[in-house]
Amino acid sequence: LEMLRADLDRIDVEFLAALGARVDVCRSIAYYKREHGVPMMQPHRIGVVQQRAARFAEANGLDLTFMKQMYDLIIGETCRIEDLIIDAATEPGSAA
């Protein structure tokens, strides 16, 4: 049991590192959107990400509702971060 828990701990570290890397890329995307006047919300792109997650869930025997909720949370947080970065360009004293 301890070895299996150690495996889970290792996987959690990798999962969190991957999530952090995903957020970092989203920050870079937000800076690009801000610099090029691209709207933050890209509904088509969100659909692509959600469809990929649904295919993963189906292929791996995971509940589709779980996967949708997880990605809704991830997408919601990255949208929040993008909004902060993009909106920073419109604040007084910002370097836009």
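The pair Lys68-Asp72 meets the salt-bridge criterion, with a side-chain N (NZ, NE, NH1 or NH2) lying under 4.0 Å from an Asp/Glu carboxylate O. Between Arg27 and Asp24 there is a salt bridge, since at least one side-chain N of the basic residue sits less than 4.0 Å from a carboxylate O of the acidic one.
Minimum heavy-atom separation, Cys26 to Thr78: SG-CG2, 3.6 Å. Listed here is the closest heavy atom pair of Met67 and Ala53: CG-O, 3.3 Å. Leu64 approaches Ala54 most closely through the heavy-atom pair CD2-O, 3.5 Å. Across every non-hydrogen atom of Asp63 and Ala57, the tightest pair is O-CB, 4.4 Å.
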Evaluation steps, side chain to side chain contact (heavy atoms under 4.5 Å, CB included), between Gln50 and Ile75: CA-CA 9 Å; Gln50 289 173 329; Ile75 290 167; 4.0 Å; yes
Full working for salt bridge (charged side-chain N to carboxylate O under 4.0 Å, His left out) between Arg55 and Glu58: CA-CA 5 Å; Arg55 286 192 305 271; Glu58 289 175 350; over 6 Å; no
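Between Val49 and Arg52 the shortest side-chain heavy-atom distance falls below 4.5 Å. The shortest distance between side-chain heavy atoms of Cys79 and Met41 falls below 4.5 Å.
A continuous path of ILVMFWY side-chain contacts below 4.5 Å connects Phe56 to Phe66, so both sit in one hydrophobic cluster. Linking Ile, Leu, Val, Met, Phe, Trp and Tyr whenever their side-chain heavy atoms come within less than 4.5 Å puts Tyr31 and Ile81 in one cluster. Residues Ile46 and Leu19 are members of one and the same hydrophobic cluster, defined by side-chain heavy-atom contacts under 4.5 angstrom among Ile, Leu, Val, Met, Phe, Trp and Tyr.
With hydrogens and angles ignored, the 3.5 Å screen pairs no side-chain donor or acceptor of Asn60 with any backbone N or O of Leu62. No donor-acceptor pair under 3.5 Å is formed between the side chain of Lys33 and the backbone N or O of Val38. For Arg34 (side chain) and Ile85 (main-chain N/O), a donor-acceptor pair under 3.5 Å exists by modelled atom type.
The distance from atom CG of Leu84 to atom CE of Met40, rounded to the nearest 0.5 Å, is 10.0 Å. Note that the CG atom of Leu16 and the CD1 atom of Ile11 stand 12.0 Å from one another [nearest 0.5 Å].
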